[in-house]
Visitor: 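Would you mind keeping the following structure in view while I ask a few things?
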Amino acid sequence: MTYVFPPQAPTSLPIAGSDARFPVRRVYCVGRNYAAHAREMGFDPDREPPFFFCKPADAVVPVADGQTLELPYPAETRNYHYEIELVVAIGKGGRDIPEERANEHVWGYAVGLDMTRRDLQMTMREMGRPWEIGKAFDASAPIAPLQPVSTVGHPTSAGIWLQVDGADRQRSDIDKLIWSVPETIAYLSRFFELQPGDLIMTGTPEGVGPVVAGELMTGGVDGLGEIHARVI
């Protein structure tokens, strides 16, 4: 096969304790999946069906263990927000996956940041338009090394937190997810056939806020490692 120009190498994530890489296919993101975060964004946190948006695979920025990522402040925004999230990596595809079988499709878990141009997202929301320019821009999804299920199991309760320059900004527990990981996988697979390499960013707890150049974000999910990124 001949291409008119060389294709980009696939985006991939490092795997903790291994030289192997996890190739990324799609990135699905769950919106407002913690009740307290829904409230701070001005929404009723009642348990309604989840909704999703996507980021392109090349928005993912792999962050190696122990690395502090230098994350450029993006263009066209004056309100650049952090959102710490539990990331789920799919290793077995499927459609209409039963909730009780959903964990069989998970390859591993990681810590990620859903970086957001909040001013642009809110403008699009108020106009009833898609969120892409607020959510799906370049380098909007830094993700730490994947932790295989064979090592960490399927966490259902673990602290999730983020600090900016050492000060707490977000602190909660993944047991406060409105839609659990198995529920999310089951629901999402009704609309998309999930494939190996898909990532699901499961939503962020309350405490989202802005960062500016020079500030250091440090976040984690207990038992799954940490992520470090400095805005430049």
Visitor: Taking Leu69 as the starting point, is it possible to reach Val60 by hopping between hydrophobic residues whose side chains are less than 4.5 Å apart?
Guide: no

Visitor: Do Phe52 and Tyr187 come close enough that some side-chain heavy atom pair is under 4.5 Å?
Guide: yes

Visitor: Keeping Ser189 on the side-chain end and Ile97 on the backbone end, is there a donor-acceptor pair under 3.5 Å?
Guide: yes

Visitor: Using every non-hydrogen atom in the two residues, find where Ile143 and Ala110 come nearest and quote the distance to one decimal.
Guide: CG2-CB, 3.9 Å

Visitor: Are Val63 and Val152 co-members of a hydrophobic cluster defined by side-chain heavy atoms under 4.5 Å apart?
Guide: yes

Visitor: Met201 and Leu188: same hydrophobic cluster, using ILVMFWY side-chain contacts below 4.5 Å?
Guide: no

Visitor: Pairs in or reaching into residues 110-129: which pass ring-ring contact (aromatic ring centres under 6.0 Å, His included), with residues at least two apart or in two chains?
Guide: none

Visitor: Identify the two heavy atoms, one from Val231 and one from Val211, that lie closest to each other, and give their separation to 0.1 Å.
Guide: CG2-CG2, 3.8 Å

Visitor: When rounded to the nearest 0.5 angstrom, what is the spacing between CG in Asn79 and CG in Leu120?
Guide: 9.0 Å

Visitor: Taking Arg118 for its side chain and Pro210 for its backbone only, find out whether a donor-acceptor pair lies under 3.5 Å.
Guide: no

Visitor: Crowded around Arg78 CZ? As in, over 12 foreign heavy atoms under 6.0 Å?
Guide: no

Visitor: Please lay out, stage by stage, how Ile200 and Ile185 fare under the test side-chain contact (heavy atoms from CB on, under 4.5 Å).
Guide: CA-CA 8 Å; Ile200 303 173; Ile185 291 171; 3.9 Å; yes

Visitor: Among residues two or more places apart or on two chains, list those pairs meeting salt bridge (charged side-chain N to carboxylate O under 4.0 Å, His left out) that have a residue in residues 190-204.
Guide: Arg25-Asp198, Arg95-Glu193

Visitor: Hey, what do you get for CG (Leu199) to CG (Leu13), rounding to the nearest 0.5 Å?
Guide: 6.0 Å

Visitor: Side-chain heavy atoms nearer than 4.5 Å, only ILVMFWY residues, links allowed to pass through others: does that put Tyr34 and Val87 together?
Guide: no

Visitor: Mind checking what makes side-chain contact (heavy atoms from CB on, under 4.5 Å) contact with Asp175, not counting sequence neighbours?
Guide: Ser157, Asp173

Visitor: Identify the heavy atoms of Val27 and Pro56 that sit nearest to each other, and give their distance.
Guide: CG2-O, 4.2 Å

Visitor: Scan residues 99-114 for pairs that pass side-chain hydrogen bond (donor to acceptor under 3.5 Å, both in side chains), counting only residues two or more places apart or in two chains.
Guide: Lys55-Asp114, Arg101-Glu104, Tyr109-His154, Asp114-Lys135

Visitor: Does this structure show an ion pair linking Arg169 with Glu83, if we count only N-O contacts that are shorter than 4.0 Å?
Guide: no

Visitor: Identify the two heavy atoms, one from Leu224 and one from Pro155, that lie closest to each other, and give their separation to 0.1 Å.
Guide: CD1-CG, 4.3 Å

Visitor: Testing Ile84, Val164, Ile160 for side-chain contact (heavy atoms from CB on, under 4.5 Å) with Gln170, which one passes?
Guide: Ile84

Visitor: Rounded at 0.5 Å granularity, tell me how far CG in Leu71 sits from OH in Tyr82.
Guide: 14.5 Å

Visitor: First locate atom CE of Met115, then atom NE2 of His81, and finally report the distance between them rounded to the nearest 0.5 Å.
Guide: 9.5 Å

Visitor: If you take all heavy atoms of Ser172 and Lys176, which pair is closest and at what distance?
Guide: OG-CD, 3.4 Å

Visitor: For Arg230, what residues pass the side-chain contact (heavy atoms from CB on, under 4.5 Å) criterion, not counting sequence neighbours?
Guide: Thr68, Leu216

Visitor: Report the residues that fulfil side-chain contact (heavy atoms from CB on, under 4.5 Å) with Pro14, sequence neighbours left out, ordered by chain and then residue number.
Guide: Arg21, Pro62, Pro145

Visitor: Ignoring hydrogens, what is the shortest heavy-atom contact between Asp165 and Gly214? Give both atom names and the distance.
Guide: OD1-O, 4.4 Å

Visitor: Just by modelled atom types, is the Thr123 backbone N or O under 3.5 Å from a matching donor or acceptor in the Glu126 side chain?
Guide: no

Visitor: Evaluate Phe51 against Arg32 for side-chain contact (heavy atoms from CB on, under 4.5 Å), listing each step before the verdict.
Guide: CA-CA 8 Å; Phe51 72 92; Arg32 297 195 296 267; 3.5 Å; yes

Visitor: For Ala20, enumerate each residue passing the side-chain contact (heavy atoms from CB on, under 4.5 Å) test, keeping only those at least two apart in sequence or located in another chain.
Guide: Ile15, Ser18

Visitor: Please list, chain by chain and in numerical order, all residues satisfying ring-ring contact (aromatic ring centres under 6.0 Å, His included) with Phe53, sequence neighbours excluded.
Guide: Trp131

Visitor: Treating Ile, Leu, Val, Met, Phe, Trp and Tyr as nodes and any side-chain heavy-atom pair under 4.5 angstrom as an edge, say whether Leu177 and Val106 lie in one connected cluster.
Guide: yes

Visitor: Drop me the distance from Thr204's OG1 to Asn33's CG, to the nearest 0.5 angstrom.
Guide: 10.5 Å

Visitor: Is there a donor-acceptor pair closer than 3.5 Å between any side-chain N or O of Thr151 and the backbone N or O of Gln147?
Guide: no

Visitor: Should side-chain heavy atoms under 4.5 Å link Ile, Leu, Val, Met, Phe, Trp and Tyr, which residues sit in the same cluster as Val4?
Guide: Phe5

Visitor: Please go through Trp161's hydrophobic cluster and name the other residues, only I, L, V, M, F, W, Y counting, with side-chain heavy atoms under 4.5 Å joining them.
Guide: none

Visitor: For residues 60-79, which residue pairs qualify under ring-ring contact (aromatic ring centres under 6.0 Å, His included), counting only residues two or more places apart or in two chains?
Guide: Tyr73-Tyr80

Visitor: Would you find a donor on one side and an acceptor on the other, under 3.5 Å apart, between the side chain of Thr202 and the backbone of Leu86?
Guide: yes

Visitor: Listed by chain and number, what are the side chain to side chain donor-acceptor pair (under 3.5 Å) partners of Arg26, not counting sequence neighbours?
Guide: Tyr28

Visitor: A side-chain contact here means heavy atoms from C-beta on lying under 4.5 Å apart; do Ile227 and Pro142 qualify?
Guide: yes

Visitor: Check the pair Leu113 / Met217 against side-chain contact (heavy atoms from CB on, under 4.5 Å), numbers first and verdict last.
Guide: CA-CA 10 Å; Leu113 291 168; Met217 296 174 287; 4.3 Å; yes

Visitor: Can you tell me how far CD of Glu132 sits from CD of Gln121, rounded to the nearest 0.5 angstrom?
Guide: 11.0 Å

